There are 2 protein chains.
Amino acid sequence: MTIEPELCKVEDALGILVGKWKPIILLHLMKNGTQRFSELKRSVLGITQKMLTKQLRELEDEDIIERVVYPQVPPKVEYSITEYGKSLEPILAAMHEWGTNHTIHKQQKLMKKTTEQSS
Amino acid sequence: MTIEPELCKVEDALGILVGKWKPIILLHLMKNGTQRFSELKRSVLGITQKMLTKQLRELEDEDIIERVVYPQVPPKVEYSITEYGKSLEPILAAMHEWGTNHTIHKQQKLMKKTTEQSS
DNA sequence: TTAAATAGTATCCTTTTTGATACTATACAA
DNA sequence: TTGTATAGTATCAAAAAGGATACTATTTAA
């Protein structure tokens, strides 16, 4: 691999994924399809309304998700992954896989250290 | 794709890549192989010593890079990607590719908006 | 008249991240 | 004795991110 560091676009992708809640929000939408604001809020444990709104807006700005407002009272707003947004799936999958392996890697490292100390 | 959001390990991978300088540092090490501290500092434009040290330590803690100190004066410390760290390459490549395309996507969006406004 | 439901805003505060700057140790060279 | 090179620390300040809480609008139902 030879990506010229000066022309690096990794951060452009990274910028979309970071934020304490974005990957989880995306996974929920990818798994369950269209979701209402309140459904997401219930699914993403611990998130505040402000944070959820903010993350959703940012994802919407990048065309990763779509927001549809129904003119009703009480309001109904639905969010879903766009076709374009689906192009992130392989990356999320790769990161998940790497992350899963990395968890094991760290575990092994920790056990090794513990073993060494007790000997 | 069905990653259970509750078991999501995306952030574990993400956590290693984020930080304003990490991808660039990694790309430099991947491209040029082993580098001294001062070489990296020259390569990564605009980074302060403190930031470089911090990012390198964090990457080292995760076994992504290796740090070798030579007992000399003036000091010599070399950094390089570990074998394990190389497993991140495909992910960086995928993100770079996605990011490159996303830059185009945003350009097109912007042009469309500009065209609409002027008509 | 009051309460409930939904999808938000607004305000303030805390924590984390990043940055600027100055400082340190050590051996050698002038 | 002063300066240089390298790889850092230490300290303080600024900016960004995240969070708690209260507030809003609107219609229907009780």
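It should be emphasised that the depicted structure is a prediction, and the values quoted were computed from it without experimental measurement. Chain letters run A, B, ... following the sequence lines, proteins first and then strands; every chain starts at 1.
- In this structure, A:Lys22 places its NZ atom 12 Å from C1' of D:dG18, rounding to the nearest Å.
- Atom pair A:Leu14:CG and D:dA17:P shows a separation of 13 Å (rounding to whole Å applied).
- Taken residue by residue, residues 61-80 of chain B places heavy atoms nearer than 4.0 Å to DNA chain D at B:Arg67, B:Pro74, B:Pro75, B:Lys76, B:Val77, B:Tyr79.
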Check: residues 37-48 of chain B side-chain donor-acceptor pairs under 3.5 Å, at least two apart:
unit_1: B:Glu39; atom_1: OE1; unit_2: B:Arg36; atom_2: N; d: 2.7
unit_1: B:Lys41; atom_1: NZ; unit_2: B:Gln49; atom_2: OE1; d: 3.1
unit_1: B:Ser43; atom_1: OG; unit_2: B:Glu39; atom_2: O; d: 2.8
unit_1: B:Thr48; atom_1: OG1; unit_2: B:Met51; atom_2: N; d: 3.3

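- Using modelled atom types and a 3.5 Å distance limit, the side chains of B:Tyr84 and A:His102 yield a donor-acceptor pair.
- Atom pair B:Met51:CE and C:dT21:P shows a separation of 15 Å (rounding to whole Å applied).
- Between B:Thr115 and B:Met111 the shortest heavy-atom distance is OG1-O, 2.7 Å.
- Residue A:Arg57 places at least one side-chain N or O under 4.0 Å from the OP1 or OP2 atom of C:dT9.
- At least one side-chain nitrogen or oxygen of B:Arg36 sits closer than 4.0 Å to the OP1 or OP2 atom of D:dA7.
- When the shell of 6.0 Å around CD of A:Glu60 is examined, it contains more than 12 heavy atoms from other residues, nucleotides or ligands.
- Of all heavy-atom pairs spanning A:Met30 and A:Gly85, the tightest one is CE-O, 4.1 Å.
- One interatomic measurement links the two molecules: CZ of A:Phe37 to C1' of D:dA25, which rounds to 15 Å at whole-angstrom precision.
- Nearest heavy-atom pair, B:Val18 versus B:Lys22, reported as atom, atom and distance to 0.1 Å: O-NZ, 2.8 Å.
- To the nearest angstrom, P of D:dT21 lies 16 Å from CD1 of A:Ile47.
- Using a 3.5 Å distance cut-off with no hydrogens or angles, the side chains of A:Glu78 and A:Tyr70 do pair a donor with an acceptor.
- Comparing C:dT6, C:dT18, D:dA7 by their nearest atom to the side chain of B:Lys50 picks out C:dT18.
- Atom NZ of B:Lys54 is separated from atom P of C:dA20 by 14 Å (rounded to the nearest Å).
- Nearest nucleotide to the side chain of B:Thr48, out of C:dA7, C:dG19, D:dA7: C:dG19.
- Of the candidate nucleotides C:dT9, C:dT18, C:dA7, C:dT18 has the atom nearest to the side chain of B:Gln55.
- For B:Leu52 and D:dA7, the CG to C1' distance is 10 Å, given to the nearest whole Å.
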